[in-house]
Amino acid sequence: MAAGNLLIAQRRDQLTYARKRDGTYLPKVRVYQEGDYVYVRTASDCVAGSGLAMAVEPRVLRVVQARDNGTVLVVGRDGGKRLLNARNLTLCHNPNVDGEIDWSLAKPAEDFPCSVCQSALHWGELLLCDGCGLGCHLWCHQPPLSSVPAGNFICSSCKDKGVTADAVDKRQVSTQQQQQARAEYREYRAKANPTALQKRKDQANAALNGRLVTRRVDGTQQWGRLFFKGA
């Protein structure tokens, strides 16, 4: 069976290569639409040791806009947007992708400047304020800091405006509650609007309703009936 499939694949590759050489091969163009979920292909065509699995970045991105010039604007769960060539994307078929933006996952770009000295150098020493989102180097802070402080970091400007760590904690708790509420709503929607796969499973289970079944426990054969109570 495996040898036959291999011969079929080899023959298909031969025909494709021949059509590429004579100019009659026209590759299928994938047209992405807003709301599609995609992966980004890596530099390698295939995963090492496998000719079947495509090498892609682990993050799933959502298509925001497909442009006429062949580029696609995508966004990740951290809210970061990227403009990519459509040829470097491949469709994600996972039906359970969480498309909600979680700003707690956001990471500043490597050219994110310090709000004090306006330099993007020493990116690893940049502190981000949990109040305003601006950043400053440890040594640019007033007073200068020797190490990263524990817990939430509030810059001097936010402190002057009355922003406190307690207020930031309350905001983070509120954000977590909103995320929990969205997760519960998604679970509710999944039950209220099951996927095609779940519908097929429910239909298969419903077909077993009332079936007489048997099993052997400790050498004793037991009988019973199956009852399908719904999803």
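In this text the structure is predicted, and so the values were computed from the model without any measurement.
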Considering all heavy atoms of both residues, which atom of Ala86 and which atom of Tyr32 are nearest to each other, and what is their separation? O-CE1, 3.7 Å
Shortest non-hydrogen separation from Thr214 to Gln222 and the atoms involved: OG1-O, 2.9 Å
Closest non-hydrogen atom pair, Cys136 against Cys114: CA-SG, 3.5 Å
Are Leu61 and Val38 side-chain neighbours, meaning at least one heavy-atom pair lies under 4.5 Å? yes
For the pair Arg225 (side chain) and Gly210 (backbone), establish whether a donor and an acceptor sit closer than 3.5 Å, ignoring hydrogens and angles. yes
Atom OG1 in Thr90, atom CZ in Arg41: separation rounded to 0.5 Å? 4.5 Å
Under a 4.5 Å cut-off applied to non-hydrogen side-chain atoms, are Val213 and Trp223 in contact? no
Report, as yes or no, whether the 6.0 Å neighbourhood of atom CG on Asp68 holds more than 12 heavy atoms from other residues, nucleotides or ligands. no
Counting only N and O atoms by type, is there a donor-acceptor contact under 3.5 Å from the side chain of Thr71 to the main-chain atoms of Asn85? no
For a side chain to side chain contact (heavy atoms under 4.5 Å, CB included) check, start with the C-alpha distance between Leu73 and Val63, then their side-chain angles and the critical distance, and finish with the verdict. CA-CA 6 Å; Leu73 183 64; Val63 174; over 6 Å; no
Could you tell me if the side chain of Val72 sits less than 4.5 Å from the side chain of Leu83, heavy atoms only? no
Could you tell me which non-hydrogen atom of Glu57 sits nearest to which non-hydrogen atom of Thr42, and how far apart they are? N-CG2, 3.8 Å
How far does CD of Glu34 sit from CG of Asp36, to the nearest 0.5 angstrom? 9.5 Å
Using the rule that two of Ile, Leu, Val, Met, Phe, Trp, Tyr join whenever any of their side-chain heavy atoms come within less than 4.5 Å, decide whether Val40 and Leu91 are in one cluster. yes
Which pair of heavy atoms, one from Tyr39 and one from Arg59, lies closest together, and at what distance? CD2-O, 3.7 Å
Could you check Ser115, Cys117, Pro144 and say which one makes a side-chain contact (heavy atoms from CB on, under 4.5 Å) with His137? Cys117
Tell me whether Arg67 contacts the main-chain N or O of Gly70 through its side chain, where contact means a donor paired with an acceptor under 3.5 Å. no
